Structure formats: C-alpha cells, structure tokens
Asks: 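Have a look at this one before I ask anything.
This one's a predicted model, so the numbers in the text were calculated from it and none came from an experiment. Residue numbers start from 1 in every chain, and the chains themselves are labelled A, B, ... in the order their sequence lines are given, proteins ahead of strands.
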Amino acid sequence: MISDPYKVLGVSSDASEEEITKAYRKLARKYHPDLNHGDEESAKKMTSINTAYEQIRNGNASQGYTKNYQQNTDGRSNGSTSSNDPFGFGFNPFEGFDSFRRGFGFHEGDRQQRSESSNFDQVKSYINAGYYDNALNLLNNMKDRNAEWYYFSAVANLYLGNKITALKYAETAVRMDPDNPEYKRVVNHIQSGGRVYQKQSSDYGRPIVSLNKLCLGILITNMYCMICGRPC
Amino acid sequence: MFGYIVANPDKLSPDENQRYKSCYCGLCNALGARHGAVSRVTINYDMTFLILFLSSLYKKGCTYGRERCLIHPVRTHTFWTNEITSYAADMNVALAYYNFMDDWSDEKKVLSLLEAKLLVKENKRVAEQHPNQCSVIGKSLIELSEIEKSNELNPDVPANCFGKIMGEIFTFKDDEYTQNLRAFGTALGKFIYIMDACIDLKQDLKKECYNPMIMTPSANFTDILNLLMADCIEKYKLLPIIQDKKLIENILYSGVWTRYEESNKKIEKGDI
C-alpha cells in the first residue's frame with residue numbers, strides 16, 4: 001500500500017478519473033522499462049506508479065469499466081455458469097482438470113485467521129459448485145488481499161477462462177507466500193499448457209521470414225489508405 | 001487488428017503454398033465480384049484462414065479459376081472459391097466497415113469516415129444476410145471502445161470482448177459444430193487482440209494512449225501468448241479437421257507468430 005497514491009502520480013486527490021489516467025500515461029511514457037532499456041531505477045519507479053494507479057482505481061470502485069461490465073453481464077454469466085459452462089460452449093473448457101478441482105477441497109488455509117477462512121470457505125464452495133462469477137464477486141468485496149485471496153482469485157479466473165489474470169494472481173500468491181506448495185502448483189498448472197504449445201511450436205520452426213514474402217502487392221496496399229493512396 | 005493469422009511459407013511444400021495463395025486470390029476475387037473493386041483493398045489474411053478452416057471442417061470442394069489482377073497484371077494466376085469464400089468476403093466487408101466506423105468515432109479520422117461511406121451499401125447488404133454476425137460485430141466493437149476508453153487494466157476484459165467477434169465470425173451455420181467453432185474463434189480472437197497489444201506497446205506508450213498490457217512486464221509477453229495459443233489449440237482439437245490439416249497447423253503453430261517475431265527483431269535492431 002502507498003500512503004498517498006495521488007502524490008506518486010502528481011495529481012490532487014480530487015482529480016477526475018480522466019486527469020488521473022492522463023497523468024499515469026504521462027509517467028508511464030517517462031518511466032516504462034521498455035522505453036528505458038530496462039533501466040532498474042525507472043523499473044522501480046514504474047512499479048510504484050502502477051501500484052499507485054491501481055490503488056486509486058480500486059478505491060474508486062464505482063468508476064472504471066470492470067465494475068460496470070460485471071454488473072451488466074451478471075444475469076447472463078450467472079445463468080451460464082450454473083451449468084458449469086461459463087461461456088456457453090456446451091462443454092466444460094476445463095475438462096481434464098477435475099483432479100485439480102477434487103484436490104482442491106482438501107486444501108485448507110488453516111493457517112489464516114478463522115474469520116477470513118470462513119469467508120474463503122464460501123468462495124471455495126462456489127468454485128466447487130461451478131459458480132465462478134459468484135466466487136469472484138465475493139472475492140472482489142474482500143478488503144484484505146493476502147496470498148490466499150490471490151490464490152482463490154487465480155482459480156476462479158482460471159475457470160472463467162481469464163488466463164492472463166489467473167497467471168498474474170497465482171504468481172502474486174507465490175510471491176507473497178513462497179513456501180506454500182499449492183500456490184506453486186496452480187502457477188505450474190496454468191503454465192503447463194503454454195509450455196506444451198511452445199515446445200510443439202518451436203519444433204515446427206518459428207517464422208523467420210518477413211511478412212511481405214507472402215504476397216507483396218496486397219500487403220502494401222493494405223497499409224495504404226483506400227482513398228488517398230498514402231499510408232495513414 | 002487484422003492480418004495476424006498468416007502461414008509460414010518457408011515450412012510449406014510448393015503445393016501447399018500454391019493452395020494457400022490461390023485461397024487468398026479466391027477471396028480477393030469474391031470481394032471484387034460481390035462487393036465491387038474498391039472492397040478488394042480491404043482483404044486480409046485472417047479471412048483466408050477462415051476459408052481454409054471452414055472449408056476443411058465442412059468438407060467443401062472448390063472451383064478453380066484463372067485471372068489477372070491489378071497487383072499481378074502480367075501473369076495470370078489460379079484461384080479457388082466455394083460458398084465459404086463468399087461468406088468470408090461478406091465478413092471481410094463487415095469487419096472493414098465497422099473498423100473504419102470505429103476509427104471515425106474514436107479518433108475522428110475523416111478519412112475513415114469516407115472509407116466507411118464507400119462500404120456502407122455493401123455492409124447493409126451483408127448485415128441483412130448475416131444478421132447474427134453483424135449485430136455481434138457492431139455491438140462488441142462499441143463495447144470494446146468503451147472498455148478501452150475507461151483504461152481497463154485487466155487485459156482479459158477487452159480480449160474477451162474482441163474474442164466474441166471472432167467467435168461469432170467462425171459460426172458459419174447452426175449445427176453440431178457451432179459451439180466448438182465459437183470457442184475456437186473466441187480463443188483465436190483473444191490471442192490476436194493481446195498479440196496486437198504486445199506489438200504496439202512501445203508506440204502506445206509514446207503516444208500516451210490505451211494499451212491493455214501496460215502493467216505487464218514485457219518479459220512475460222511470450223509466455224502469455226503461448227498460454228492463449230495453447231487454449232486455442234485445445235479447442236482446435238475438438239474439431240475434426242482433415243482437409244488442409246498441414247496448412248492449418250502451419251498457421252496455428254508457426255505462422256501466427258510472424259508479426260510478433262518480426263516486431264521483436266525490429267526492437268533488437270532498435271528500429272522502434
């Protein structure tokens with residue numbers, strides 16, 4: 001937690017969402033490691049800018065898209081998840097992960113305080129029943145975000161097909177509690193599919209040609225505007 | 001956002017290369033025949049993949065033809081078409097139209113509005129023929145621009161939205177394959193959206209505009225993209241693809257990385 005996130009971004013605490021985002025992007029342009037040849041100082045600075053920005057946005061939960069988005073789609077997503085079929089695909093996209101889910105019930109976060117763990121009990125039963133959206137809603141309303149919180153959020157997001165979020169949260173859980181084997185197992189589980197694909201893909205041979213070998217003419221015209229014939 | 005789903009010609013046999021090129025030329029031909037010469041320039045390789053994929057799944061044959069075109073005015077070349085080619089040409093026009101409209105409403109590029117105007121009649125015809133696809137494309141692009149405007153930091157949110165568009169385009173008709181096809185298209189769409197964001201990150205940072213990957217360290221990009229393609233392959237394997245299987249797998253395992261590898265090479269050279 002940063003005590004004064006507004007100060008980090010250099011905006012006043014009554015700045016509008018738009019002003020805050022503008023300030024954030026300006027700082028990102030200055031400090032993002034990709035524009036600073038991986039300079040460590042700017043990477044550190046960027047981390048605190050990111051934290052501050054996230055903190056402000058999470059605090060103003062009424063703003064931003066995520067919140068509205070979840071509310072708008074609540075009816076639909078609840079309806080579909082109840083059939084254990086989050087996207088209406090007609091099959092469970094995580095088939096074969098059952099062992100993962102079965103093992104799930106045995107893991108108890110006993111080391112945490114009782115009150116918190118009873119909250120997570122509810123989350124856990126939602127996840128086991130396939131109500132991933134409900135589990136996420138419950139998690140999003142929790143204030144204290146400890147390693148266990150990140151772990152459960154990772155699992156719920158994984159089942160909803162939000163793999164990028166799932167990986168990020170699972171890695172955060174491992175960072176916060178490196179000794180917990182279950183957290184590492186989830187990170188591994190999320191990454192395993194990607195590794196298999198990467199292996200097959202590199203066996204195939206990654207492309208080394210430049211794109212214009214395919215069909216020079218059309219690709220060039222594609223980059224140009226339909227009307228003036230100039231790139232735009 | 002288009003033109004990422006290409007083949008890696010180095011790993012294709014001469015026959016496969018020919019088959020792929022003629023598929024592309026067939027799409028170009030169908031665009032000209034169905035929607036007028038001007039629509040030809042909106043052609044993109046993603047729709048070529050759509051033709052290969054759906055033709056394989058639905059075991060469609062094809063009709064061959066020969067033509068000269070503006071790009072290759074001297075040599076005649078072979079192309080092939082079938083009913084999927086017509087469908088892909090329609091989707092190509094709808095995507096181009098909404099894309100131009102989107103650029104107009106987001107960035108107020110007058111040129112984009114003019115370009116959209118050129119396609120407005122064609123798009124109307126397409127929308128009448130494929131109401132489901134077109135309403136999903138239109139609605140999702142509006143939703144996507146709202147997500148981007150709110151500077152959504154969770155990359156899964158806009159990627160899911162873009163995925164919906166590709167998912168819908170892959171559902172050629174209502175049958176036993178629809179759900180698996182939609183899942184496959186959605187996964188591919190998510191990959192396209194995130195890869196586009198990874199490639200554009202530096203430029204977006206400089207222009208101070210939206211990029212969903214801004215908080216993700218670029219060292220993780222390749223892992224994340226592998227994860228998304230793994231998801232796509234998982235869904236691909238649920239569909240009985242036999243015809244042109246080697247060509248399709250060349251695209252899914254190798255070709256889809258062409259633009260990414262190319263942009264990484266530019267970064268190494270310091271061009272960006």
Asks: Glu54(A) and Lys168(A): salt bridge (Lys or Arg N to Asp or Glu O under 4.0 Å), yes or no, with the steps?
Replies: CA-CA 14 Å; Glu54(A) 265 186 322; Lys168(A) 184 180 162 188; 3.5 Å; yes
Asks: Using the side chain to side chain contact (heavy atoms under 4.5 Å, CB included) definition, which of the options Ile224(B), Leu225(B), Asn226(B) pairs with Thr222(B)?
Replies: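 So the option named by the test is Asn226(B).
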Asks: Most heavy-atom pairs under 4.5 angstrom with chain A, which of Cys25(B), Gly167(B), Cys209(B)?
Replies: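 Most heavy-atom pairs under 4.5 Å with chain A: Cys209(B).
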Asks: Let me know if Leu167(A) has heavy atoms under 4.5 Å from chain B in its side chain, its backbone, both or neither.
Replies: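 Just the side chain, heavy atoms under 4.5 Å.
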Asks: Rounded at 0.5 Å granularity, tell me how far OG in Ser13(A) sits from CG in Asp4(A).
Replies: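 It comes to 7.5 Å.
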Asks: Only pairs of heavy atoms separated by less than 4.5 Å count here; which of Ile190(A), Asn50(A), Thr47(A) has the most with chain B?
Replies: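 The answer is Asn50(A).
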Asks: Please determine, among Glu208(B), Met229(B), Lys149(B), the option with the most heavy-atom pairs under 4.5 Å with chain A.
Replies: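 The candidate making the most pairs under 4.5 Å is Glu208(B).
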Asks: Out of Asp203(A), Val196(A), Thr21(A), return the one with the most heavy atom pairs under 4.5 angstrom to chain B.
Replies: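 Answer, by heavy-atom pair count under 4.5 Å with chain B: Thr21(A).
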Asks: Measure Ile49(A) against the heavy atoms of chain B and call it side chain, backbone, both or neither at under 4.5 Å.
Replies: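 Neither part, no heavy atoms under 4.5 Å.
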Asks: Check the side chains of Gln18(B) and Ser22(B) for a donor-acceptor pair under 3.5 angstrom, ignoring hydrogens and angles.
Replies: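 Their side chains do contain a donor-acceptor pair, which is all the 3.5 Å distance test asks for.
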Asks: Residues in side chain to side chain contact (heavy atoms under 4.5 Å, CB included) with Thr172(A), at least two apart?
Replies: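 For Thr172(A) the side chain to side chain contact (heavy atoms under 4.5 Å, CB included) partners, ignoring immediate neighbours, are Tyr150(A), Arg175(A), Met176(A).
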Asks: For Tyr210(B), which atoms come within 4.5 Å of any heavy atom of chain A: side chain, backbone, both, or neither?
Replies: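 Both the backbone and the side chain of Tyr210(B) come within 4.5 Å of chain A.
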Asks: Please classify the contact of Asp204(B) with chain A as side chain, backbone, both or neither, using a heavy-atom distance under 4.5 Å.
Replies: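 Looking at Asp204(B), nothing touches chain A.
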Asks: Ring centres of Tyr126(A) and Phe152(A) under 6.0 Å apart?
Replies: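 Distance test on ring centres: not under 6.0 Å, no.
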Asks: Between Leu201(B) and chain A, which part of the residue has a heavy atom less than 4.5 Å away: side chain, backbone, both or neither?
Replies: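 For Leu201(B), the side chain is the part near chain A, not the backbone.
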Asks: From Asn157(A) CG over to Asn154(B) CG, what is the distance, rounded to the nearest 0.5 angstrom?
Replies: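 Rounded to the nearest 0.5 Å, the CG-CG separation comes to 7.0 Å.
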